[in-house]
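Below is a structure I'd like to ask you about.
All residue numbers refer to positions in the sequence shown, counting from 1. All of these numbers come straight from a predicted model, not from anything done at the bench.
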Amino acid sequence: MTYRAILIPLLGGTAEPAALQTAIALTRRSAGHLTGLHIKPDPRDVMPYISEGASGALVTELMAATEKEGDERAREAKKRFTEAVKAAGIDMVERPGGRGGATCSWREVVGREEVVVRRIGRMVDVVVMSWPSDADNVEQAVTLDAAMFDTARPVLLVPPDRTVSGADTICLAWNGGPEAARAAMESMPLMHEAKKVYVLTAADPRMRGTTVDDLVHYLNQHGIEPELVTCPTEGKTVGAALLDAVREKGGDLLVMGCYGRSRISERVLGGVTRHVLKTASVPVLMVH
């Protein structure tokens, strides 16, 4: 059981170099296939922003400028990807063959970033993305939202300067909910390779659902012997308590369910998810 199909959308975020190196390391460890994805904007998408009185020449000029800028960004993204995988000794192939050895390929698609990531991300084992930053643009935040909520796949979020070559110490956040259960199952390839797995639970009497004993029984059936950690929440939020426990245990990776719901077109994140996204300093594997 391993991650064989790995996707990294290259969107130009500030933490993207660390995310790319993490995706490469994960590909090499699993002898899987890494797809570098770049989404080029459709020049026709500029039309809604052009006033009705604009001349045909102006419309043509704006669409041409959009296409030119998209081509330049695509070339730069492909160059970064090609240089990184070459330095790592990963072979570039036209399409994955499922045979031994890590491979990679490059893919360019025209369209809206969130729509393309939603579609392609559903057919991979894990999506690797850079950590959200206030410096990154709104489009990247929307694309990250689509990856976490709409692909039904785990998303590995990598903060700047924290390349993950492996995860020796994994912390699994548990609250008994279905998202946490899916996170446990989807992180199994990483937990199998870890030297230590901690299950973090908050001392919250409101916690309901599948018990931590049920979780331990499930992990034991897969040959994983976790250590249970109760995170005291006196004077702090559950999210803060979880991150404190990750630091105390020397966690390389936090695995957790991504909690939220959609209201009209706005995503409303749960309090714990929101806190972790804003303040965590370690990579987080999130599953909705």
Side-chain angles (χ1 to χ4, degrees), residues 3 5-27 33-46 49 65-85 88 90 92 104-164 258 260 265 267 269 273 276-278 280 283-288:
Y3 294 144
I6 302 162
L7 174 70
I8 178 164
L10 297 173
L11 311 174
T14 56
E16 190 169 272
L20 178 55
Q21 290 302 319
T22 296
I24 288 172
L26 187 58
T27 303
H33 183 84
L34 173 64
T35 299
L37 172 66
H38 183 76
I39 300 103
K40 298 170 62 175
D42 188 335
R44 292 171 297 183
D45 287 342
V46 304
Y49 304 101
T66 300
E67 185 173 9
K68 180 180 178 181
E69 181 181 357
D71 289 341
E72 291 175 353
R73 290 181 59 190
R75 282 193 295 269
E76 292 172 0
K78 185 176 182 179
K79 180 182 178 182
R80 293 195 302 271
F81 181 77
T82 303
E83 291 177 349
V85 296
I90 299 179
M92 183 83 77
C104 66
S105 59
W106 177 253
R107 186 171 182 180
E108 290 181 15
V109 179
V110 176
R112 290 171 54 189
E113 289 181 353
E114 72 275 16
V115 174
V116 174
V117 167
R118 179 187 302 124
R119 174 172 60 87
I120 296 177
R122 289 172 178 166
M123 288 290 103
V124 300
D125 296 326
V126 63
V127 182
V128 181
M129 298 190 71
S130 57
W131 198 257
S133 166
D134 292 339
D136 295 335
N137 59 39
V138 175
E139 288 79 7
Q140 290 169 3
V142 172
T143 304
L144 174 60
D145 180 273
M148 289 197 302
F149 285 90
D150 299 328
T151 64
R153 307 307 304 143
V155 178
L156 178 58
L157 295 171
V158 184
D161 305 320
R162 280 301 302 267
T163 300
V164 184
C258 181
S265 61
R267 297 296 185 184
L269 294 175
T273 302
V276 169
L277 280 174
K278 287 184 176 182
V284 180
L285 185 75
M286 283 194 166
V287 182
H288 180 60

field: Rounded distance [0.5 Å steps], CD1 in Ile6 versus SG in Cys104
entry: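 It comes to 11.0 Å.
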
message: Restricting to non-hydrogen atoms, name the atom on Ala19 and the atom on Val128 that form the minimum distance, rounded to 0.1 Å.
response: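 In this case the closest contact between Ala19 and Val128 is O-CG1, 3.5 Å.
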
task: Starting at CD of Glu72, measure out to NZ of Lys40 and round the result to the nearest 0.5 Å.
output: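 If we round to the nearest 0.5 Å, Glu72:CD and Lys40:NZ are 11.0 Å apart.
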
Inter-residue atom distance Leu37.CG - Trp106.CH2, 0.5 Å rounding: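 Here the rounded value is 7.5 Å.
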
- prompt: Can you tell me if Asp125 uses its side chain to pair, donor with acceptor, with the backbone of Ala5 under 3.5 Å?
  reply: yes

- request: Compare every heavy atom of Pro159 with every heavy atom of Ala18, then report the nearest pair and how far apart it is.
  value: CB-O, 3.6 Å

query: Can you tell me how far CG of Asp145 sits from CZ of Arg118, rounded to the nearest 0.5 angstrom?
result: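 If I round to the nearest 0.5 Å, the distance is 8.5 Å.
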
query: Would you say Met286 and Leu157 make side-chain contact, with heavy atoms under 4.5 Å?
result: yes

field: Straight-line distance of Ile90 CD1 to Ser105 OG, nearest 0.5 Å
entry: 11.0 Å

message: Within the structure provided, determine whether Leu11 and Met129 are in side-chain contact (heavy-atom separation under 4.5 Å).
response: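 Yes. Closest side-chain heavy atoms under 4.5 Å.
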
query: Just wondering, do Arg112 and Val142 contact through their side chains at under 4.5 Å, heavy atoms?
result: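 No, every pair of side-chain atoms sits at 4.5 Å or beyond.
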
field: Heavy-atom check, side chain of Pro9 versus side chain of Leu7, under 4.5 Å
entry: yes

query: So, does Arg80 use its side chain to make a donor-acceptor pair with the main chain of Pro17 at under 3.5 Å?
result: no

- line: Rounding to 0.5 Å, atoms CD1 (Ile120) and OG1 (Thr151) come to a distance of 12.0 Å

message: Contact between Val115 and Ile39 at the side-chain level, heavy atoms closer than 4.5 Å - yes or no?
response: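 Heavy-atom side-chain distance check fails, nothing below 4.5 Å.
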
query: Where the side chain of Arg153 meets the backbone of Val124, is there a donor-acceptor pair that is under 3.5 Å apart?
result: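 Such a contact is found between Arg153 side chain and Val124 backbone.
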
Side chains of Lys78 and His38 in contact at under 4.5 Å (non-hydrogen atoms):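 Heavy-atom side-chain distance check fails, nothing below 4.5 Å.
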
task: Of all the heavy-atom pairs spanning Ala147 and Val117, show the shortest one and how long it is.
output: CB-CG1, 3.9 Å

- prompt: Is there side-chain contact between Val127 and Met148, with heavy atoms separated by less than 4.5 Å?
  reply: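 Not in contact.
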
query: Would you find more than 12 non-hydrogen atoms of other residues, nucleotides or ligands less than 6.0 Å from Met92 atom CE?
result: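 For Met92, atom CE is crowded (more than 12 foreign heavy atoms under 6.0 Å).
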
query: Can you name the closest pair of heavy atoms from Leu20 and Ala84 and give their distance?
result: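 Minimum heavy-atom separation between Leu20 and Ala84: CD2-CB, 3.7 Å.
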
